[in-house]
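Just below is one structure, and these are the notes that go with it.
Heavy atoms only: backbone and side chains are in, while hydrogens, waters and symmetry mates are out. Each chain gets a letter, A, B and so on, in the order its sequence line appears, and its residues count up from 1.
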Protein chains: 2
Amino acid sequence: MPMNPLANETCLRILDSESGTDFDPEPDPLARLDADGAAKAYHRGQEIYRPEDPAEYWYRILFGVARKCALLADGRRQIVDFLLPGDLFGFAARRKRHFGVEAAVDGTLVIRYPRRQVEILADSDNRVGRMIRNMAFEANARMQMRMLILGRMTAVEKVGCFLTEMADRSSEGPSAPILLQMSRYDIADYLALSIETVSRALSDLKRRGAITINRKRHVIIADRKALGGLVAVGT
Amino acid sequence: MPMNPLANETCLRILDSESGTDFDPEPDPLARLDADGAAKAYHRGQEIYRPEDPAEYWYRILFGVARKCALLADGRRQIVDFLLPGDLFGFAARRKRHFGVEAAVDGTLVIRYPRRQVEILADSDNRVGRMIRNMAFEANARMQMRMLILGRMTAVEKVGCFLTEMADRSSEGPSAPILLQMSRYDIADYLALSIETVSRALSDLKRRGAITINRKRHVIIADRKALGGLVAVGT
DNA sequence: CGATCGTTTGAGGTTCCTCAACAAGTGTGG
DNA sequence: CCACACTTGTTGAGGAACCTCAAACGATCG
């Protein structure tokens with residue numbers, strides 16, 4: 001079945017205790033935390049947390065885009081994940097993180113919860129615990145899909161997967177035109193490509209009629225099948 | 001600080017509720033499950049579960065090595081993780097998995113727990129829930145490190161990281177000689193390289209004196225610094 | 001208007017993959 | 001015991017994919 005590995009996975013990243021988890025009536029138990037949360041706006045490039053910061057908070061994007069990234073000493077950068085509205089992030093076992101998170105666009109709005117509060121809530125209400133576990137499992141599955149993309153796909157396939165992922169994660173639905181809020185630099189570091197290759201891949205997809213592009217960051221998927229990197233059965 | 005990103009992360013993959021997690025006295029609450037578990041031996045290449053199987057069990061490796069992998073329709077394969085003794089795997093939110101797991105060596109011994117039992121235990125004992133959460137967070141951090149390796153490292157760096165990872169995950173300690181139980185094929189698919197490139201990278205490291213190799217699968221790290229891909233601070 | 005940033009496109013170079021041959025180890029059957 | 005097939009791993013030659021360097025373009029902003 002030809003499908004983008006990340007498609008239809010991402011819509012349920014957070015806040016979706018329904019879908020398949022058994023017996024979980026309450027839509028969002030974590031909402032109870034919002035009273036303890038502090039929201040803050042960030043401009044593009046501003047750090048939300050650093051890898052060396054003690055992991056005393058969990059965060060949730062309310063608006064905008066953030067990037068979770070790792071840096072090598074010689075400047076090589078890998079964006080591990082894009083964080084979109086609704087996404088919860090910042091957990092760490094053992095209080096230590098290994099990645100930094102920065103706003104990828106101006107005006108990114110982030111709410112912050114004290115980790116202790118969340119832990120206490122999780123301990124007192126096992127639906128919360130289960131929800132957090134499932135969230136972590138989902139995140140894991142996504143990361144694993146991304147490893148397949150990073151490791152075994154060509155440049156054009158990577159960009160195709162990226163576009164369908166963004167379409168599927170869009171709040172406006174998977175068929176809406178895609179507004180790429182992040183720069184080509186960010187896309188390149190997300191896909192482990194150079195910006196030039198990203199640009200060429202986009203031009204290539206456009207030439208083939210798989211997408212149309214207006215105003216540089218506005219992409220419409222014309223032929224979804226022409227984009228997806230096919231994921232196979234597991235024999 | 002020059003360090004292998006995966007080094008010293010992996011020793012605490014499972015069974016380590018101590019280390020940094022706050023207030024968790026019991027060493028392994030999951031051990032209580034062993035009564036419900038069924039152990040089984042697998043030969044090399046035998047499937048432990050398929051991606052399309054309903055996720056009704058969790059598994060733990062007792063002996064041997066397993067590989068979690070994804071397959072593309074045209075034969076491209078990505079090994080997402082190697083599972084070593086002690087590693088717990090097979091969780092999925094929403095009962096659906098996206099990867100298969102197969103034994104990578106003959107005689108791999110795996111114990112299987114009914115998912116319901118684990119869930120019930122997690123709900124009844126919030127130390128278990130916390131432990132599972134932390135496990136998932138650790139797994140996540142590892143996957144993210146692997147993305148950096150897959151995306152932004154050269155072939156030789158990848159192989160170097162792989163060797164130090166295997167050394168650090170070895171039950172015999174990080175300084176013991178490394179017995180590579182998996183084939184070059186598996187290593188290649190783990191690192192997203194071709195087998196030839198893996199072979200050449202190993203020869204290269206040997207030529208430089210970073211490692212010595214006897215009997216093809218027996219590697220001794222001579223100069224650990226010469227292997228590691230340096231992970232940088234997060235600005 | 002010039003300056004800057006983000007993006008595209010081209011030319012050339014590097015890394016890694018593919019194809020191929022070969023070597024070493026292992027098991028099988030005569 | 002050897003011959004043989006088979007698997008696994010190494011090494012070389014050539015080619016493809018992607019990166020680097022460079023130039024140019026458009027948009028935005030002072």
Side-chain angles (χ1 to χ4, degrees), chain A residues 43-45 65 67 72 74-78 104-106 149-163 178-208 211-219 229, chain B residues 43-45 65 67 72 74-78 104-106 149-163 178-208 211-219 229:
Chain A
H43 56 75
R44 195 177 66 149
V65 183
R67 57 189 181 224
L72 290 177
D74 57 1
R76 285 177 286 181
R77 185 178 73 153
Q78 176 66 47
V105 305
D106 281 330
I149 293 172
L150 287 186
R152 291 301 185 192
M153 285 196 177
T154 66
V156 173
E157 288 173 322
K158 284 179 177 180
V159 172
C161 284
F162 169 73
L163 291 176
I178 311 165
L179 173 62
L180 296 178
Q181 298 182 272
M182 64 290 290
S183 72
R184 297 286 191 269
Y185 279 91
D186 287 340
I187 299 174
D189 283 343
Y190 184 65
L191 299 174
L193 296 171
S194 68
I195 44 168
E196 294 94 335
T197 301
V198 170
S199 184
R200 275 185 263 263
L202 283 168
S203 303
D204 198 31
L205 290 170
K206 188 170 64 176
R207 207 172 303 121
R208 291 195 225 166
I211 60 173
T212 60
I213 305 180
N214 3 3
R215 299 203 311 282
K216 303 290 185 197
R217 295 216 178 167
H218 207 97
V219 177
Chain B
H43 57 75
R44 195 178 64 151
V65 183
R67 55 188 183 225
L72 290 177
D74 57 0
R76 286 176 286 181
R77 184 178 72 154
Q78 176 66 47
V105 305
D106 281 330
I149 293 173
L150 287 186
R152 291 302 186 191
M153 285 196 178
T154 66
V156 174
E157 287 172 323
K158 283 180 177 179
V159 172
C161 284
F162 169 73
L163 291 176
I178 310 165
L179 174 60
L180 295 178
Q181 298 182 272
M182 64 291 289
S183 71
R184 297 286 192 269
Y185 278 91
D186 287 340
I187 299 174
D189 284 342
Y190 183 65
L191 299 174
L193 296 171
S194 68
I195 45 169
E196 295 94 335
T197 301
V198 171
S199 186
R200 274 185 264 264
L202 284 168
S203 303
D204 198 31
L205 290 170
K206 187 169 65 176
R207 206 172 305 121
R208 293 194 224 165
I211 59 174
T212 60
I213 304 180
N214 4 3
R215 301 202 309 280
K216 303 291 185 195
R217 294 213 179 168
H218 208 97
V219 177

Self-check item: Interatomic distance where CD belongs to Gln181(A) and P belongs to dG6(C) [whole Å]
Solution: 16 Å
Exercise. Measure the angle between the two terminal helix axes of the helix from dC1(C)-dG30(D) to dG30(C)-dC1(D), five base pairs each, and quote it to 10°.
Key: 20°
Practice problem: Could you state the atom-to-atom distance from CD1 of Ile187(A) to C1' of dG6(C) in whole Å? | Solution: 11 Å
Quiz prompt | Atom-to-atom span, CG of Asn214(A) to P of dT7(C) - whole angstrom | solution = 15 Å
Quiz item: Which atom names give the shortest non-hydrogen contact between Ala188(A) and Ser194(A), and what distance separates them?
Solution: CB-C, 3.7 Å
Practice problem: State the CG-CG distance between Leu163(B) and Leu205(B), to the nearest 0.5 angstrom. | Solution: 7.0 Å
Exercise. Kindly write out the residues that satisfy side chain to side chain donor-acceptor pair (under 3.5 Å) with Thr154(B), not counting sequence neighbours, or none if the list is empty.
Key: Glu157(B)
Exercise. Please name the residue in the list Arg77(B), Gln181(B), Arg44(B) that meets the side chain to side chain donor-acceptor pair (under 3.5 Å) test with Asp186(B).
Key: Arg77(B)
Quiz item: Are OP1 or OP2 of dT8(D) and a side-chain N or O of Arg44(B) less than 4.0 angstrom apart?
Solution: yes
Quiz item: Which of the following nucleotides, dT8(D), dT18(C), dC16(C), is nearest to the side chain of Leu193(B)?
Solution: dC16(C)
Exercise. Rounded off to whole Å, could you give me the CG-to-C1' distance for the Asp186(B) and dT8(D) pair?
Key: 12 Å
Self-check item: Lys/Arg-Asp/Glu bridge criterion (N-O < 4.0 Å) met for Asp204(A), Arg208(A)
Solution: yes
Could you list all N or O pairs between the protein and nucleotides 9-12 of chain D that sit under 3.5 Å apart?
unit_1	atom_1	unit_2	atom_2	d
dG9(D)	OP1	Arg217(B)	NE	2.9
dG9(D)	OP1	Arg217(B)	NH2	2.8
dG9(D)	OP2	Arg184(B)	N	3.0
dT10(D)	OP1	Arg184(B)	NH2	3.1
dT10(D)	OP2	Arg184(B)	NE	2.8
dT10(D)	OP2	Ser199(B)	OG	2.9
dT10(D)	O5'	Ser199(B)	OG	3.0
dT11(D)	OP2	Ser203(B)	OG	2.4
dG12(D)	N7	Arg200(B)	NH1	2.7
dG12(D)	O6	Arg200(B)	NH2	3.3

Exercise. Taking all heavy atoms of Met153(B) and all of Cys161(B), pick out the closest pair and write down the distance.
Key: SD-SG, 3.6 Å
Practice problem: Locate the shortest heavy-atom distance separating Met182(A) from Phe162(A); write the atom from each residue and the value. | Solution: SD-CZ, 3.9 Å
Quiz prompt | Spacing between Asp204(A) atom CG and dT9(C) atom P, to the nearest angstrom | solution = 11 Å
Quiz item: How close or far is atom P of dC29(D) from atom CG of Asp106(A), stated in whole angstroms?
Solution: 11 Å
Exercise. Could you check whether Ala201(B) gets within reach of a base, just the sugar-phosphate, or nothing at all, counting any heavy atom under 4.0 Å?
Key: nothing
Quiz item: What's the CZ-C1' distance between Arg215(A) and dT8(C), to the nearest Å?
Solution: 18 Å
Quiz item: How about Asp189(A) and Arg67(A): do any of their side-chain heavy atoms sit closer than 4.5 Å?
Solution: no
Practice problem: Work out which heavy atom in Arg184(B) is nearest to a heavy atom in Val198(B); give both atom names and the distance. | Solution: CD-CG1, 4.1 Å
Practice problem: Grab the CG-C1' distance between Asp74(A) and dC19(D) for me, whole Å please. | Solution: 14 Å
